[in-house]
Protein chains: 2
Amino acid sequence: MVTLYDVASQAGVSIATVSRVLHGHGAVREDTRVRVRAAIDDLGYVPDGAAQSLARNRKDVIGLVCAEHSGLKPDQYDIESMSLMFYDEVMRGVEARIRERNLSLLITFLREDETLGAPEPEGGPVDARLRELSGKVDGLLIGEGILAPAALAKHARRMPLVVIAGDTGQKGTDMVSADNWSGARALAEHLIVDHGKRRLFHIDGPVTAPDAAARRTALQEVVDANPGTVVVGTYTGRFSVASGQVGTERLLAAGGPLPDALFCANDQMAIGALHALAAVGIRVPQDIAVVGFDDIFPASLCDPPLTTVHQPIRKLGERACDRLIARIADPAMRTKLELLPTELVVRSSCGCPPGPARRREVTPVPRRRPVAVTALAAVTVGAGAAAAKSPLLPTTER
Amino acid sequence: MVTLYDVASQAGVSIATVSRVLHGHGAVREDTRVRVRAAIDDLGYVPDGAAQSLARNRKDVIGLVCAEHSGLKPDQYDIESMSLMFYDEVMRGVEARIRERNLSLLITFLREDETLGAPEPEGGPVDARLRELSGKVDGLLIGEGILAPAALAKHARRMPLVVIAGDTGQKGTDMVSADNWSGARALAEHLIVDHGKRRLFHIDGPVTAPDAAARRTALQEVVDANPGTVVVGTYTGRFSVASGQVGTERLLAAGGPLPDALFCANDQMAIGALHALAAVGIRVPQDIAVVGFDDIFPASLCDPPLTTVHQPIRKLGERACDRLIARIADPAMRTKLELLPTELVVRSSCGCPPGPARRREVTPVPRRRPVAVTALAAVTVGAGAAAAKSPLLPTTER
DNA sequence: ATTGGTCTTGTAAACGCTTACATTCTCGGC
DNA sequence: GCCGAGAATGTAAGCGTTTACAAGACCAAT
């Protein structure tokens, strides 16, 4: 291994001088600089990262902790696994930022069996992995749902840490999330206000999922805000295609009039619903509208193409990274939650005419306390949306 | 920051002893061990990775260098971008191995504008990034097509390095690739031997792509080996949906009898072909068969589902990682190329009946010099395949 | 020549760990 | 009680940087 000493002796200077020309810090006479550069090139010297970290007292490395969905067969993609791409996209966002600042990115996947399928309380293997990691990085980016909020907060106290797509209710930890709530509102309003749907069936996500909660609340609020509208039933799914299908089959088996629309908590379940409906010959969107959430890739491919809400995943990574870097620079900074706007993606499963997807960024709706929302929404939000005459409806298109 | 010294003084021992209980190396009396452990937990001590690396003279980090396809709009998946998932999958394979051995994974994406769209000769920005990286890792995994073979070989001489999906012709560098050649042979044989297709049109990949070359050669060999079979034309595409579409339109515009099959060098182009065919009402597979390569996710979703060849991408990552670790342990080891078997995925675009995909691992065909192949293949391979009566044909299914 | 200032360069002390070697305990056998 | 062999522990020398500080070189002004 070539070290500073080798370069120094080859160039006939001290290691301090070599270090200086390497970083352009102190003043170095032109001819010395040239000599040193020559020696560096000649020997093919590359500074040792570990020694630099030790001397500088920073690693210039940030860690990204992802949850791996292990049900997936290696080397086989399927619709379920599309949610996996979430982290791939986050990673690209993070990496872009990292690189601009000449840092490095350390990746760790946590398998589902490690995370116990549910956020780990504390002291478990994930906790240990995180501690171990903390010796190698300046800060950590961690996905939601991997560690229980309490454990997360504990780690955040010991090292710079920001949570990606975290529970927006949780305070005291830096977080960057998509504005699920406003996105779901926009989607519900599109269905209710723009399309005049009145009787909605809700295929909900797991009760433990914070994003499902946000979407659920938003739907309920929009329904409450629009008299005459009602959620005729709810099925609690598990975010999988199969559960969306089962939920729909249950609905159909129960008999009674078909609801106007199926509001699914994610695209996978919406796709499941589409399957179930197609199986019994119910036409979408003529007989019933179906909408999803997330805008996973197959959403644009299914029949009919799915109206959904797109999340700014890559941006999530970028912002989380920015936040982390800020936190590293100033550990005393106030923690905060940052909500990124989502995008309403209108295709044809909602009843809009077929054609290329129409996209509209959802302006964040300021969130009020539950009581206030119900009261105000009837006036403010409902009326506002109606007055604005959504640019996504066929009549206003173009 | 809590250091060994803090723990040592808290436990009333020397730092050497703390280090010993930390790693269970030397003998430590039970009560001391307990005292030290208590101090560690108490202070929340975590060893500093940089200091460890420096002292141990190894980083326990390996780097993965991926090429990013920059044409992609952030946050929007499309068919083209599915090839991007290649690295995501490789990464998972690598990470799995890395973790078993308690190493860390450092990720770097190279954007297309950095890689100049083509393998960089030497001394360019990628070269510099790689050198820089080499100070932070014990070894590097790098994707094919990022750096020109010569530059790659130069780096390989300076540090442990293995190429993923590299040009299988290149020697002197460790490489792990999928057996494109055997996969393409199997696919071509399925079309020609099993389905009796005689007149094939080839939608080829770019001349610069080594994997396209392997597939091209394989096709030609199978054609040569089967008298009466002919490649009626070739269009050189660019691996994109659009180029597949254009190629097919050209073919149609040229008039003349329709070939029996379209042999596309990747799935994206096959999907483009499907579009072009559907646009003029030509039915697949009744009027013409179409096959792709890679088995990207949309291949199973398009109409009809695409018969193609699946690559063991995750395994590629695993094996490359294993190889790198071996190389790090023994820098003098002979370099070698490892070919991983591919899988023939039969859906219905080839003319097989619809239904779930039938998969069959392709046994590697020993590669002979061009002359020998042509001579022997007519007997060995052709006859062999016919005798075996492919288990994928409808008649032999089930 | 001396002085004082600016440039340029060198010296040496960290940084936090591992580990070879030295030292001190402990204890059974005498 | 003393010896010697392990066992347990401590000491200190690295590992390759960065950087504060010291020192030397050079030059203009005195």
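Here is the naming used below: chain letters follow the sequence lines, and residue numbers restart at 1 for every chain. None of these values were measured; they are calculated from a predicted model.
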> Charged N to carboxylate O below 4.0 Å: is that the case for A/Asp174 and A/Arg334?
Replying inline: no
> Is a salt bridge present between A/Asp138 and A/Arg58, judged by a nitrogen-to-oxygen distance below 4.0 Å?
Replying inline: no
> What heavy-atom pair brings A/Leu141 and A/Cys321 nearest, and what distance separates the two atoms?
Replying inline: CD2-CA, 4.2 Å
> Are any of the side-chain nitrogens in B/Arg99 or B/Glu95 under 4.0 Å away from the carboxylate oxygens of its partner?
Replying inline: yes
>> Whether the side chain of A/His25 engages the backbone of A/Val21 through a donor-acceptor N/O pair (distance < 3.5 Å, no angle test) should be reported.
In response: no
> Earliest and latest nucleotide of DNA chain D, 5' to 3', sitting under 4.0 Å from a non-hydrogen atom of chain A?
Replying inline: D/dG16 to D/dT19
Which atom pairs, one a donor and one an acceptor, fall under 3.5 Å between side chains of residues 146-153 of chain B and the rest of the protein, sequence neighbours left out?
none

>> Walk along nucleotides 9-24 of chain C from 5' to 3' and tag each nucleotide B, S or - by protein heavy-atom contact under 4.0 Å, base first, then sugar-phosphate.
In response: BBB---BBBBB-----
> Quick one: do A/Lys154 and A/Asp127 make a salt bridge, cutoff under 4.0 Å?
Replying inline: yes
